[in-house]
Amino acid sequence: MTIATAPAKIILFGEHAVVYGRAAIAVPITHVQATATVQDEPPGSGCTIVAADLNSTARLADAASDDPLATAVRKTLARLAWDGPEPDVTITLRSTIPIASGMGSGAAVSTALVRALSAHLGTLLNDDIVSATVFEVEKLYHGTPSGIDNMVIAHARPLFFVRNKFIETFLLKVPLNMVIADTGIRSSTKAVVGDVRAAWEANPERYDNLFKAMGQISVMGRPALENGEHAALGALMDGNQWLLSQLGVSSSQVDRLVLAAQRAGAMGAKLSGAGRGGSVIALVNKETQNAVTEAMLQAGAKSVTLTVIS
Ligand code: PMV
């Protein structure tokens, strides 16, 4: 039996702008994760995929061509240049990452699957190859993903990312205490990214300026993260949130949670991911973490979790 896990992620700076070639920063979140288990079955059984959280079981041979899990299996086999009959295995997937909330649940499940299946079949793929394989799956349900989700999840390290140009992992000097609040509102990345594209096409100059400013925030955010300058980091998060609201991807519930966190003493707060729901993140310290958690719950968050990013 082979087991692999993959973390969740949050985007600290630059979501949406990253689609337009601007810099973004994402970090892995390890208190929730996706797990894939691969078990041998008797010869001739074929490949079965079990999505344990969804109570669903499907045979690879019967799965639709756009089924994300089956696609992850097929892309992995292609990557391994597997030319025999499909492997006789059961692949079981589990995840504690909230779905459609900007935490990369889909990319994490695919990453765990690609890693576990390739290792079970005798090949350890490196992080870049795992990421590239997952990216092919991501394209199925995101349309035009920037690739930041699969990259940060495969590398499981803080990541400075410029699409098709520059990718670098880096270390944090001081761990970040971050509160992650779930608005409880599921949001489709594909739909929000599509709306932003339509707005950009209608008014390219305005939106290019917003993307440029977001990219500059990511560039300034990296040294602040590396040097543990948390006050500066918080201010950059607030600035990024203002730009995201100008972009039209915030929402009244996101705004309520951001304001509640700021009033309760967070150093900064913003949405994370596609927006219009999903997750709101707030930078806190030991003194403010309980008050911020309480304030975000009071303001209507469905759940609030404290996590340490290192
Ligand atoms: O999938 P989410 O909600 O984490 O959002 C992805 C971030 C975007 O920048 C909005 C899209 C992308 O492909 O980078």
Side-chain angles (χ1 to χ4, degrees), residues 5-15 25-34 53 95-105 108 149 152-153 156 158 172-187 189 217 221 224-225 228-245 249-310:
T5 60
K9 72 96 207 349
I10 52 173
I11 297 181
L12 286 185
F13 300 114
E15 50 273 270
I25 294 179
V27 294
I29 298 291
T30 49
H31 75 268
V32 280
Q33 63 179 22
D53 306 318
S95 172
T96 53
I97 306 168
I99 291 170
S101 60
M103 293 185 73
S105 65
D149 279 23
V152 68
I153 289 170
L172 304 188
K173 192 165 167 190
V174 185
L176 295 181
N177 292 324
M178 195 70 80
V179 168
I180 305 177
D182 185 353
T183 58
I185 300 163
R186 302 285 165 248
S187 154
T189 298
I217 285 186
L225 275 165
E229 294 157 3
H230 291 179
L233 215 51
L236 291 170
M237 287 172 70
D238 290 343
N240 198 159
Q241 171 61 23
W242 184 81
L243 291 165
L244 286 162
S245 65
V249 299
S250 197
S251 70
S252 54
Q253 183 56 2
V254 168
D255 291 345
R256 245 194 307 279
L257 296 185
V258 165
L259 195 64
Q262 288 165 337
R263 284 194 176 144
M267 284 172 271
K270 65 183 278 290
L271 67 83
S272 180
R276 300 245 178 95
S279 300
V280 172
I281 58 174
L283 182 61
V284 295
N285 56 30
K286 290 265 177 294
E287 287 70 49
T288 56
Q289 65 191 39
N290 290 342
V292 171
T293 300
E294 191 51 38
M296 291 177 102
L297 282 170
Q298 290 282 329
K302 190 174 149 247
S303 67
V304 180
T305 318
L306 179 70
T307 192
V308 179
I309 299 160
S310 55

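All values derive from a computational prediction rather than experimental measurement. All values below were derived from every heavy atom in this structure, side-chain atoms included, with hydrogens, water molecules and symmetry-related copies excluded. Here, residue 1 is the first one in the sequence, and each next residue gets the next number.
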Visitor: Quick one: CD1 on I97 to CD1 on I153, what's the gap to the nearest 0.5 Å?
Guide: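 The distance works out to 6.5 Å.
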Visitor: To the nearest 0.5 Å, what is the distance between OG on S95 and CE on M103?
Guide: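 Between atom OG of S95 and atom CE of M103 there are 9.5 Å.
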Visitor: Where do V254 and S250 come nearest, in terms of heavy atoms and distance?
Guide: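 Heavy atoms only, the tightest pair is CG1-OG, 3.3 Å.
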Visitor: Checking S187 side chain against G275 main chain: does a donor-acceptor pair fall under 3.5 Å?
Guide: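 Yes, S187 side chain to G275 backbone: donor-acceptor pair under 3.5 Å.
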Visitor: Write down the atom of L12, the atom of N240, and the distance for their closest heavy-atom approach.
Guide: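 Of all heavy-atom pairs spanning L12 and N240, the closest is O-OD1, 4.1 Å.
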Visitor: Working to the nearest 0.5 angstrom, can you tell me the gap between N290 CG and L306 CG?
Guide: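 Going from the CG atom of N290 to the CG atom of L306 covers 8.0 Å.
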Visitor: From M178 CE over to I10 CD1, what is the distance, rounded to the nearest 0.5 angstrom?
Guide: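 Going from CE on M178 over to CD1 on I10, the span is 4.5 Å.
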Visitor: I need the L283 CG to L233 CG distance, nearest 0.5 Å.
Guide: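 Taking CG in L283 and CG in L233, the distance rounds to 5.5 Å.
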Visitor: State, with a plain yes or no, whether a side-chain heavy atom of Q241 is found less than 4.5 Å away from one of Q262.
Guide: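 Heavy-atom side-chain distance check fails, nothing below 4.5 Å.
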Visitor: Can you find a heavy atom in the side chain of L271 that is under 4.5 Å from one in the side chain of V258?
Guide: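 A side-chain contact is absent here, since even the closest heavy-atom pair is not under 4.5 Å.
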Visitor: Within the structure provided, determine whether H230 and N177 are in side-chain contact (heavy-atom separation under 4.5 Å).
Guide: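 No - every pair of side-chain heavy atoms lies 4.5 Å or more apart.
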Visitor: K9 side chain to G102 main-chain N or O, any donor-acceptor pair under 3.5 Å?
Guide: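 Yes, because the side chain of K9 sits within donor-acceptor range (under 3.5 Å) of the backbone of G102.
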Visitor: Within a reach of under 6.0 Å around CD1 of I99, are more than 12 heavy atoms found that belong to other residues, nucleotides or ligands?
Guide: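 For I99, atom CD1 is not crowded (no more than 12 foreign heavy atoms under 6.0 Å).
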Visitor: Is any side-chain heavy atom of F13 less than 4.5 Å from a side-chain heavy atom of M237?
Guide: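 With C-beta onward as the side chain, the pair touches.
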Visitor: Is the backbone of T96 close enough, under 3.5 Å, to the side chain of Q33 for a donor and an acceptor to pair up by distance?
Guide: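 Checking the backbone N and O of T96 against the side chain of Q33, no donor-acceptor pair under 3.5 Å is found.
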Visitor: Do T307 and V32 touch side chain to side chain, with heavy atoms closer than 4.5 Å?
Guide: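 Side-chain contact under 4.5 Å: no.
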Visitor: Do P158 and L172 have side-chain heavy atoms sitting under 4.5 Å apart?
Guide: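 SC-SC contact between P158 and L172 confirmed.
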Visitor: So how far is it from T189 OG1 to R276 CZ, rounded to the nearest 0.5 Å?
Guide: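 The CZ atom of R276 is 11.5 Å from OG1 of T189, to the nearest 0.5 Å.
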Visitor: Taking side chain as C-beta onward, heavy atoms only, is I25 less than 4.5 Å from V152?
Guide: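 Counting from C-beta outward, I25 and V152 never come under 4.5 Å.
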Visitor: For G273, does its backbone N or O pair with a side-chain atom of E15 as donor and acceptor, under 3.5 Å?
Guide: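 A pair under 3.5 Å: yes.
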Visitor: For a quick check under 3.5 Å, do D255 and S252 share a side-chain donor-acceptor pair by atom type?
Guide: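 Not at all, the side chains of D255 and S252 share no donor-acceptor pair under 3.5 Å.
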Visitor: With the side chain counted from C-beta on, respond yes when P7 and I29 share a heavy-atom pair under 4.5 Å apart, and no when they do not.
Guide: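 P7 vs I29: side chains apart.
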Visitor: Check this for me: R263, atom CZ, are more than 12 non-hydrogen atoms of other residues, nucleotides or ligands nearer than 6.0 Å?
Guide: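 Counting other residues, nucleotides and ligands, CZ of R263 stays at 12 neighbours or fewer.
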Visitor: State whether the side chain of D238 and the backbone N or O of A269 hold a donor-acceptor pair below 3.5 Å, judged by distance alone.
Guide: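 Side chain of D238 to backbone of A269, a donor-acceptor pair under 3.5 Å: yes, one is there.
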